[in-house]
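Single-structure report; data block below.
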Amino acid sequence: MRMSMLFSQTLREAPTDAEMPSHKLLVRAGFIRQLAAGIYTAMPLAKRSITKIENIMRDEINAIGGQEMTMPVVHPAEVWQETERWYQVGSEMGRFKDKNDRDMVLAMTHEEVVADLTRKEIHSYRQLPVLIYHIQTKWRDDPRPRAGLIRVREFTMKDSYSLDADWEGLDKQYRAHYQAYFDIFHRCGIPVIAVKSDVGMMGGKVAHEYMYLTPHGEDTLLICNNCGYAANRQVATFKKEALPKEEALPLEKVATPDCKTIAELAEFLDIPEAKTAKAVFMVADIPVGESSIQKFIFAIVRGDMDLNETKLVNALQASDIRPATEEEIVAIGAVPGYASPIGLPEKSAYLPVVTVVDDLLTESQNLVAGANDASYHMLNTNLGRDYQADIITDLTAARAGDACSECGGSFREVRGVEVGNIFKLGTRYSDSMGCTFQDKDGKEKPVIMGSYGIGSGRLLASVAEEYNDEYGLIWPITVAPYQVHLVMLSAKKGDGTVEETAAQLYQDLQAGSVEVLFDDRQESPGVKFNDADLIGLPIRLTVGARGLEGGNIEFKRRDQKEKRLISQDEIIEAVKAEIATLEAEIKAEVVAVTFDE
RNA sequence: CGGGGUGUAGCGCAGUUGGCAGCGCGCUGCGUUUGGGACGCAGAGGUCGGCGGUUCAAGUCCGCCCACCCCGACCA
């Protein structure tokens, strides 16, 4: 490609609204342009890189038996109603009506379509197992798109779906993806770790997320310094340390003026925060058939700990949850700042109340809790004696320093970007949409499903985030839009040798199957070198009068400082050899990993 | 959805007590330059985010709305 013809230009300054390095650089280097919040155009350079990423994904998924297809972006609401996700998913789902006033859905993912195909196409165990995939546009109306291509509303995703006759088959396909995903990320040059994750709206049983670790990431992970256990904070479990067991003491009401927070309360009473109970009030939507009912949730954790809302949502099987307003707290008969499960009215006229208590409180005696009376707390409250729980479960958010639930080691917190995920869906969709097959034994059984996704734009942004310096991007050879940046430094008063040599080299490289971006523009050397650094192709060749005097072309790797002169006769072979070296460096990263259930 | 911020030329920004809409980069033409974002001359480019109000007069003051960004909530 001649740069004089390339549709995109570099920018000297990034738009102010870009913050992350990958976002700034992808915009400045002319890879992407924003159309609206979370909606981007991939310009030609980005499109070439994305195509390379997608071809790596095709390669790896084909290798584990995947068959590529394309499923629609627009779905009729009916299939989403069958699985009830039409009701469970909120404003994140793009809905519209067609001209006949039928409800339609913009695809957020394709389980429904796969399940519809499965029930129509799969009848016998002889047709299983199956692995199908596609690379398709999705729409998720994220409440807060951000960070350039990291978190967008419209995006392209490679997602595969496995269909099996039994759970062993699912395990096999799941493990195949587990390895294939590592291989995909490693071939793109980015380091990732796999962590246990929440299944979220996908439903199902087991899930892993692939996290690219970066301080700019939006997910918080907990990693054990000892055994390497890693989990998203949403699901991370840890060993809670109970205080020494005590005899239950009698309940006692004490005045605690101006103690609306746990910290104030602990200081006022001169007790550790661990000797208090923290009440958090939420309002949850609990799905019931095609509609849902609201419930007031009284969540209680030990005072020195934080509530993990994901765990709460899962315990309640809620579709949505939000903090309760002061008015709602008052309406159920509690007192904000001094609220408590003790002394609540038996039945609230406002909303049904569900009390959910962290399991640690079964081993915690004589905690201080609110008295449901302004400026008063209760001493020596005890679960079971003074109040009852509707649900007792793990509700607490793990934090840095907490003890690993596997080995007791200490957690550290890191930030990461989720670049892929794999889910064991099981029969979540088969059951609701009637995907059955006849097994060997003649019985009708549900198809066992799995789903596996990687966003290609997010992956591109993650690669850009991992590889850059103060001058610009530094693409790995496997993802670079072109392999070579050929810079022509011409002078008007020259005899045309530089132009001729550069144009010939451009032809020869292409004839040798090298991908070249040829900077043939009439620009000063500084502009060209800066643009080459900014765009960040792996190899730069410079053709200038200075080098040509000795019959040489200047050769430089973007990730190295040194330049060297190579004779014109040898330059093509030298470039090919360097490309092979760069590819070998990447290939060395692709290694077998152990499956960590 | 809560909190904070920003909207003035393609990009980055200035615009004072309300009184001619500006600067740098980029862009167009001509000329000079050519190994790390060159220089001269001449140009083009604006519903000052939108609507309404106050005023002789609004980029500037007031109200409402919209868009975009950041933190949180939420989320693949």
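Naming: A, B, ... by sequence-line order, numbering from 1 per chain.
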### Task
Give one of base, sugar-phosphate or nothing for A:Asp159, where a contact means two heavy atoms less than 4.0 Å apart.
nothing
#### Entry: Assigned partner base of B:rG45, Watson-Crick or wobble definition, under 3.5 Å
none
### Message
Any donor-acceptor pair under 3.5 Å linking the side-chain atoms of A:Tyr429 with those of A:Arg85?
### Response
yes
### Message
Both distances below 3.5 Å, Watson-Crick or wobble geometry, any strand: find the nucleotide opposite B:rC30.
### Response
B:rG40
### Task
Report yes or no: does A:Ser162 contribute a side-chain atom to a donor-acceptor pair with the main-chain N or O of A:Gly450 at less than 3.5 Å?
yes
### Message
Pairing check on B:rU55: which nucleotide meets the Watson-Crick or G-U wobble criteria with it, both distances under 3.5 Å?
### Response
none
### Message
Check this one for me: any side-chain N or O of A:Ser524 less than 4.0 Å away from OP1 or OP2 of B:rU34?
### Response
no
### Query
Within the structure, does a side-chain N or O atom of A:Gln34 lie under 4.0 Å from either OP1 or OP2 of B:rC69?
yes
### Task
Mind checking A:Gly544 for me? I need base, sugar-phosphate or nothing, with any heavy atom below 4.0 Å counting as a touch.
base
### Query
Is there a Watson-Crick or G-U wobble partner for B:rG22 with both distances under 3.5 Å, and which nucleotide is it?
B:rC13
### Task
Starting from the 5' end of RNA chain B, give me the residue, A:Lys556 or A:His23, whose nearest nucleotide shows up first.
A:Lys556
### Summary
Any strand, both distances under 3.5 Å, Watson-Crick or G-U wobble: B:rC1 pairs with B:rG72
### Query
Counting just side-chain N and O atoms, does A:Arg146 come under 4.0 Å of either OP1 or OP2 of B:rC71?
yes
### Query
Does a nitrogen or oxygen in the side chain of A:Arg458 sit under 4.0 Å from OP1 or OP2 of B:rA76?
no
#### Entry: Donor-acceptor pair, side chain of A:Tyr181 and main chain of A:Tyr452, under 3.5 angstrom
yes
### Query
Does A:Arg12 place a side-chain N or O at less than 4.0 Å from the phosphate oxygens OP1/OP2 of B:rC11?
no
### Task
Classify the nucleic acid contact of A:Glu418 as base, sugar-phosphate or nothing, counting any heavy atom under 4.0 Å across all strands shown.
sugar-phosphate
